[in-house]
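Heads up: the structure comes next, in structure tokens.
Order of the sequence lines sets the chain letters (A, B, ...), proteins ahead of strands, with each chain counted from 1.
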Amino acid sequence: MYLDLNIKGNNYDSDLILAKEANHWGWNHISFNYKNNNYYNASAYLDQIKKNFTNKDFTNKNFTNKDFTIDLRCEISNNNCNQIQKNIRNFRPKTKCLSVLGGDSKVNRVACENIKIDILSRPYFKRKDCGINHVLAKEASENNVAIELCFKDILNSYLSYRAKLLMYFRDIINLYRKFEFPLILSSGASSIYDIRNPIDLTYFFKDIGLKDDEVLNSISNTPLNILKFNENRDNLILKGVKKIEGFNET
Amino acid sequence: MKLKILPPTLRKNNRYLAIDIKSEKEISKDELVIATWDACIRFKGECETSNFNLWVMRFYKLKNSNGYYHYKAILKCQRGFENQVRSSLSVLTKLKNHSISINTLGLSGTISGAISKYIN
């Protein structure tokens with residue numbers, strides 16, 4: 001099962017085309033990534049996308065995917081830590097997947113320390129290092145915050161900048177092996193030219209240095225765990241304590 | 001004088017990748033050859049790419065749809081390097097300043113197998 005939690009949402013038409021393309025290439029689940037400002041507009045037409053989306057459109061027998069789900073993800077992008085905390089409080093109950101766009105060292109730290117955040121997206125964004133050190137890696141591991149590597153950053157760069165990005169990816173992978181925080185691989189696609197076959201994507205990340213099981217976890221199990229965990233998040237009272245509905249005390 | 005063909009045991013073993021190409025602008029087979037070689041050399045380097053033994057065997061133009069040019073092709077590569085070719089092709093995004101994307105449809109041991117399974 002392949003899940004892509006980062007496909008850039010734009011408007012109804014482009015989202016529908018991207019969803020069809022992702023289905024065609026064998027993805028089982030995609031989440032359209034919207035910034036916190038546009039999240040409410042997007043949630044208005046998500047149901048319409050789901051309704052219009054029919055598997056009958058696809059003729060390619062090898063890649064047609066019948067169990068295909070679409071969802072939204074809210075991405076907080078702000079350099080002000082107080083504003084981020086405010087946005088987290090505001091958006092946490094309304095979305096199944098909440099992420100913070102990294103890059104700034106303070107933002108990376110705030111994201112890794114907050115248990116309410118699911119994903120720290122692109123901690124290396126506009127930086128001259130990978131954006132994560134052993135301290136943040138430990139925090140991310142304790143708070144179960146996933147670190148996201150975005151394939152589109154590789155696609156949009158070339159020569160020395162691409163080489164540097166690959167170096168940052170490897171640095172994050174090394175920390176992932178040591179501290180075992182959740183790692184997520186995503187496409188970050190904003191057009192049909194950015195969507196790739198999930199198997200091609202796995203081979204790319206294997207070439208970088210991830211092992212078979214690590215790639216499978218990052219592209220399948222970890223995103224699935226995040227979505228499942230968030231379905232029951234309302235019932236969590238404390239860390240490790242969950243309210244079970246329908247439980248009879250007598 | 002033409003060289004004698006190598007006996008089968010000494011020949012290189014090949015695999016055939018069926019690929020799907022979406023391009024913003026119309027491309028020819030020659031341009032695809034340049035694009036695949038360029039992608040592999042850029043991503044894997046000259047030394048590694050020399051092992052790939054890349055050849056575009058077949059090139060099919062499909063009907064245009066959704067505002068892009070759609071093609072399929074059969075690409076020959078050396079056995080054991082298929083995954084590296086796949087990953088190299090997946091990072092190709094631009095050809096002559098126009099967007100292009102290459103996805104792998106599948107892998108086969110023969111050209112006819114690849115055509116019957118992934119092209120038709």
By number, which residues in residues 95-103 of chain B have some heavy atom less than 4.5 Å away from chain A?
B:Ser99, B:Ile100, B:Ser101, B:Ile102, B:Asn103
Give me the ring orientation class for B:Tyr68 and B:His70: parallel if the planes are under 30° apart, tilted from 30 to 60°, perpendicular past 60°.
perpendicular
Hey, is A:Glu21 close enough to B:Lys22 for a salt bridge, meaning N to O under 4.0 Å?
yes
Spacing of CG belonging to A:Leu175 relative to NZ belonging to A:Lys178, to within rounding of 0.5 Å:
10.0 Å
Side chain to side chain, A:Leu183 and A:Leu210, heavy atoms closer than 4.5 Å:
yes
Close contacts, residues 30-62 of chain B versus chain A, judged by heavy atoms under 4.5 Å
B:Arg42, B:Phe43, B:Lys44
Might you confirm whether atom OH of A:Tyr158 has over 12 heavy atoms from other residues, nucleotides or ligands at distances under 6.0 Å?
no
Donor + acceptor pair across side chains of B:Thr104, A:Asp200 (<3.5 Å)
yes
Proximity breakdown for A:Phe151 and chain B, heavy-atom pairs closer than 4.5 Å
side chain
Interface moiety of A:Ile192 toward chain B, non-hydrogen atoms closer than 4.5 Å:
both
Residue among A:Ser191, A:Ser187, A:Ser190 satisfying side chain to side chain donor-acceptor pair (under 3.5 Å) with A:Lys152
A:Ser190
Non-hydrogen contacts under 4.5 angstrom with chain A: give the residues of residues 74-93 of chain B involved, or none if there are none.
B:Asn83, B:Gln84, B:Arg86, B:Ser87, B:Ser90, B:Val91, B:Leu92, B:Thr93
By side-chain hydrogen bond (donor to acceptor under 3.5 Å, both in side chains), A:Tyr124 pairs with (sequence neighbours left out) A:Asp153
Side chains of B:Tyr118 and B:Ser108: any donor to acceptor distance under 3.5 Å?
no
